[in-house]
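What follows is a short report on a single structure.
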Amino acid sequence: PRSRWEKGVFRIDLHFDILDEDRLESRRYIPRIPVEEIFTFARTGEIGEAQYLSPNPYHSLIITALHALKHAYVMDYWFMDTGTIMTEMGKAFSMKELLKTADRYGHEKVVHIMLWALQDLFQFSCAKFSSNAFLPGPLVRRCVKAATEHTRFLQFGTFLMGTTIDSFWKKLHYFVELAGPKRAVLIKERGQKAPLGRKSPGLGLHGERFMEFFQSLAMILKG
């Protein structure tokens with residue numbers, strides 16, 4: 001579930017479930033972010049007279065990396081946000097602490113993809129680490145590179161999330177359920193149509209999105 005607040009050019013999109021399992025049931029195989037722990041370690045800040053909670057910077061980095069992957073890196077500002085957090089932390093930033101926290105939550109591979117993309121695709125130096133330290137597999141690298149260059153397509157996030165699951169059986173169940181009759185319909189690009197929670201008829205494959213996915217996949221394999 002989520003809630004939106006809009007005023008002029010500003011929009012706040014509040015997510016109460018980071019993985020949005022109500023949109024895609026097989027996401028239950030993805031490790032969950034411990035929201036309670038995030039609130040426990042959040043700090044209080046102020047903008048004018050308004051107070052707000054700011055997550056621990058390592059939590060912010062992990063959430064940003066997961067959010068970017070979930071949406072197939074359709075916006076470059078997730079990379080900018082990640083680099084900004086790391087830069088503003090300065091000497092206080094610890095790559096070891098980031099990876100340790102990500103590993104504890106089961107999202108180390110998610111963070112690896114973000115760090116590799118920051119260095120190899122956006123030439124951002126991540127605390128002087130070699131990008132080989134975060135190197136994802138060749139298919140994942142190709143998908144992310146295509147997504148950040150020309151194939152801005154939401155379905156890649158669904159595929160890429162599955163590649164980060166460590167357990168072979170959970171990963172198998174994840175991809176099998178994507179094509180199953182209980183597959184929840186994803187919201188179309190730019191938030192159009194497909195109400196939350198509606199079940200797909202028949203084989204559970206949304207024809208238009210299915211064809212677009214394979215067209216985009218063909219672009220990746222071609223270039």
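Side chains are part of it too, since the values below use all heavy atoms of this structure and drop only hydrogens, waters and symmetry mates. All figures in this text were calculated on a predicted structure; none of them were measured in a lab.
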Can you tell me how the ring of F134 sits relative to the ring of H112, calling it parallel under 30°, perpendicular over 60° and tilted otherwise?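 Tilted.
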
Please give me the minimum heavy-atom distance between [X] and [Y], naming the atom from each residue.
| X | Y | value |
| --- | --- | --- |
| A117 | V144 | CB-CG1, 4.3 Å |
| D103 | E108 | OD1-OE1, 3.3 Å |
| V140 | P136 | CG1-CB, 3.9 Å |
| P55 | S60 | CB-OG, 3.5 Å |
| E37 | H59 | O-CE1, 4.0 Å |
| M114 | A68 | CE-CB, 3.8 Å |

Does L61 offer a backbone N or O that forms a donor-acceptor pair with the side chain of T64 under 3.5 Å?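 Checking the backbone N and O of L61 against the side chain of T64, no donor-acceptor pair under 3.5 Å is found.
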
Taking I62's backbone N and O only, do any of them form a donor-acceptor pair with Y105's side chain (distance below 3.5 Å, no angle check)?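 No.
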
How many angstroms lie between OG1 in T87 and CZ in F124, if you round to the nearest 0.5 Å?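 Rounded to the nearest 0.5 Å, the OG1-CZ separation comes out at 3.5 Å.
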
Could you grab the distance from atom OG1 of T101 to atom CZ of F41, nearest 0.5 Å is fine?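 Answer for the OG1-CZ pair, T101 versus F41, is 9.5 Å.
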
Does a donor on one side chain sit under 3.5 Å from an acceptor on the other, for Y73 and H67?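 No donor-acceptor contact under 3.5 Å links the two side chains.
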
Determine, for K109 against D166, whether the closest basic-nitrogen to carboxylate-oxygen distance falls under 4.0 angstrom.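 A salt bridge links K109 with D166.
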
Is the number of heavy atoms from other residues, nucleotides or ligands under 6.0 Å of F122 CZ greater than 12?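 Result for CZ/F122: enclosed.
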
